[in-house]
Asks: 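Here's a structure for you.
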Amino acid sequence: MELRLDGTHYPLETLGPGKRLGVWFQGCSLACAGCMSRHTWDPAAGTSATVREVLALWGRALADGAGGLTVSGGEPLQQAAALAELLAGAARLRDGARRHEGSAGHRPADLLVYTGYEPAELTPERRAALDGADAVITGRFRVAEPTRLAWRGSANQRIVPLTPLGAARYGPYLAREAPGPRLQAASGGDGELRLYGVPLRGELLELERRLRQGGVALTERSWRP
């Protein structure tokens, strides 16, 4: 099955616990004001990939000891069928790797999905797409409700554990700040600077200011119209 992606990154360390494979779906009609990833809104942008190709990246991440998979966007549930297939395949690979290695001393990798939809907006199709996830972070980003809560961009967003693994991994952070940094920088190729994570209010403007002071000018910003 094909899907539309903005990109992937490993190791991701700002959207969930541990080092993770990050997968960003392309396309989002929710268009939250203040979103830092406006470049992921256009469903025709990004690149085409297959679920098999993404699962190959996941297999390599597991072999390297990844602690989890984070799927964000864009809006993953606007490609519900592809998301369902990706999560099911990721769970099979994760569980197969654990059986092969043995469980002693190994913490299972978890599967986390970000969605801008509220729980009441989860149609049967959208709920089915999340069946393979261990936890989901729900809710629109609201720029007027800043927060320091772990892995969330605004105070209204909620971490919802869906499995015992999700409860064990995310339960301690329902009302806590995230451990470690909130932003991670990496080269995206073609001179791009990619930022992964959930910045605090004003943090991106401060980053722009410091870059200008250092003689670095950003020609485009995904968080600006």
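Note that the coordinates shown come from a computational prediction; the quantities given were computed from them, not determined experimentally.
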Asks: Shortest non-hydrogen contact from A129 to L87?
Replies: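 That would be O-CD1, 3.3 Å.
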Asks: Using a strict cut-off of less than 4.0 Å between a Lys/Arg side-chain nitrogen and an Asp/Glu carboxylate oxygen, indicate whether D64 and K19 qualify as a salt bridge.
Replies: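 Answer for the salt bridge query: yes.
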Asks: Is M36 close to L195 at the side-chain level, that is, under 4.5 Å between some pair of heavy atoms?
Replies: yes
Asks: Say whether Y196 and F141 are linked into one hydrophobic cluster, either directly or through other cluster members, by side-chain heavy-atom distances under 4.5 angstrom.
Replies: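 No, because Y196 and F141 fall into different hydrophobic clusters, even though each may have its own neighbours under 4.5 Å.
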Asks: Under a 3.5 Å cutoff, is there a donor and acceptor pairing between the side chains of T70 and R20?
Replies: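 Side chains of T70 and R20: pair found under 3.5 Å.
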Asks: Please find the pair of heavy atoms, one from R4 and one from A45, that lie closest to each other, and give the distance.
Replies: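 In terms of heavy atoms, the two residues are closest at NE-O, 2.8 Å.
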Asks: Kindly say whether S154 contributes a backbone atom to a donor-acceptor pair with the side chain of T147 at under 3.5 angstrom?
Replies: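 Looks like no, no N/O pair under 3.5 Å.
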Asks: Quick one: does V71's side chain get under 4.5 Å of Y114's, heavy atoms only?
Replies: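 No; the side chains remain at least 4.5 Å from each other.
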Asks: Please report the interatomic distance CZ(R158) to CD(E118), rounded to the nearest 0.5 Å.
Replies: 9.5 Å
Asks: Cluster question for you: counting only ILVMFWY and a side-chain heavy-atom cut-off of under 4.5 Å, with indirect links fine, are L211 and L204 together?
Replies: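 Yes; L204 is reachable from L211 via cluster members.
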Asks: Using 0.5 Å steps for rounding, measure from the CD atom of E145 to the CZ atom of R152.
Replies: 13.0 Å
Asks: For E75, is there any backbone N or O sitting under 3.5 Å from a side-chain donor or acceptor partner on Q78?
Replies: no
Asks: How far apart are the closest heavy atoms of I137 and Q157, and which atoms are they?
Replies: CG2-CB, 4.4 Å
Asks: Among the clusters formed by ILVMFWY side chains lying less than 4.5 Å apart, do L165 and L86 turn up in the same one?
Replies: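 L165 does not cluster with L86.
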Asks: Does a side-chain N-to-carboxylate-O contact under 4.0 Å join E121 and R140?
Replies: yes
Asks: Kindly say whether L200 contributes a backbone atom to a donor-acceptor pair with the side chain of E203 at under 3.5 angstrom?
Replies: yes
Asks: Taking the side chain as every heavy atom from C-beta outward, state whether L183 and P181 have any pair of such atoms under 4.5 Å apart.
Replies: no
Asks: Hydrophobic cluster membership, with links at side-chain heavy-atom distances under 4.5 Å among I/L/V/M/F/W/Y: are L69 and V160 in one?
Replies: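 Yes, same cluster.
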Asks: Show, in sequence, the C-alpha distance, side-chain angles and deciding distance for L62 and L93, and conclude whether the side chain to side chain contact (heavy atoms under 4.5 Å, CB included) test is met.
Replies: CA-CA 8 Å; L62 286 171; L93 285 175; 4.0 Å; yes
Asks: Just verifying a value: how many Å separate D6 CG and D42 CG, rounded to the nearest 0.5 Å?
Replies: 11.0 Å
Asks: Give the intermediate values and the outcome of side chain to side chain contact (heavy atoms under 4.5 Å, CB included) for residues D134 and L112.
Replies: CA-CA 6 Å; D134 294 298; L112 172 68; over 6 Å; no
Asks: Taking the six-membered ring for Trp and the single ring otherwise, decide whether the centroids of Y170 and W151 are under 6.0 Å apart.
Replies: yes
Asks: Which pair of non-hydrogen atoms, one from P119 and one from T138, has the smallest distance, and what is that distance?
Replies: CD-OG1, 3.8 Å
Asks: Report yes if some heavy atom in the side chain of T14 is under 4.5 Å from a heavy atom in the side chain of R182; otherwise report no.
Replies: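 T14 does not reach R182 side chain to side chain.
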Asks: Indicate whether the side chain of E2 and that of T50 have a donor and an acceptor atom separated by less than 3.5 Å.
Replies: no
Asks: I'd like to check L193 versus V216 (side-chain heavy atoms, cut-off strictly below 4.5 Å). Are they in contact?
Replies: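 L193 vs V216: side chains apart.
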Asks: Would you indicate whether the side-chain heavy atoms of Y117 and L30 approach each other to under 4.5 Å?
Replies: yes
Asks: Passes side chain to side chain contact (heavy atoms under 4.5 Å, CB included), W41 versus C35? Steps please.
Replies: CA-CA 10 Å; W41 290 2; C35 174; 3.6 Å; yes
Asks: Go through the steps for Q184 and H9 under the test side chain to side chain contact (heavy atoms under 4.5 Å, CB included), then give the verdict.
Replies: CA-CA 11 Å; Q184 175 182 353; H9 183 72; 3.5 Å; yes
Asks: CD/E208 to CZ/R212 distance, rounded to the nearest 0.5 angstrom?
Replies: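 Result: 6.0 Å between the selected atoms.
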Asks: As an exercise, state the distance from OG1 of T163 to CG of D110, rounded to the nearest 0.5 Å.
Replies: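 Between T163 OG1 and D110 CG, I get 8.0 Å after rounding to 0.5 Å.
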Asks: Tell me whether L162 is reachable from V23 by hopping between hydrophobic residues (I, L, V, M, F, W, Y) whose side-chain heavy atoms are closer than 4.5 Å.
Replies: yes
Asks: Would you name the heavy atoms of A31 and C28 that are closest together and state the gap between them?
Replies: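 Taking A31 first and C28 second, the nearest heavy atoms are N-SG, 4.0 Å.
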Asks: Roughly how far, to the nearest 0.5 Å, is the CG atom of L83 from the CZ atom of R126?
Replies: 12.0 Å
Asks: Hey, are the side chains of R169 and P108 touching, using non-hydrogen atoms and a 4.5 Å cut-off?
Replies: yes
Asks: Does atom CZ of R52 have more than 12 heavy-atom neighbours from other groups under 6.0 Å away?
Replies: no
Asks: Is it true that a side-chain atom of R148 and a backbone atom of E177 form a donor plus acceptor pair closer than 3.5 Å?
Replies: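 No.
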Asks: Taking the side chain as every heavy atom from C-beta outward, state whether F25 and L5 have any pair of such atoms under 4.5 Å apart.
Replies: yes
Asks: Of all heavy-atom pairs between T40 and S37, which one has the smallest distance, and what is that distance?
Replies: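 Closest approach of T40 to S37: OG1-O, 2.7 Å.
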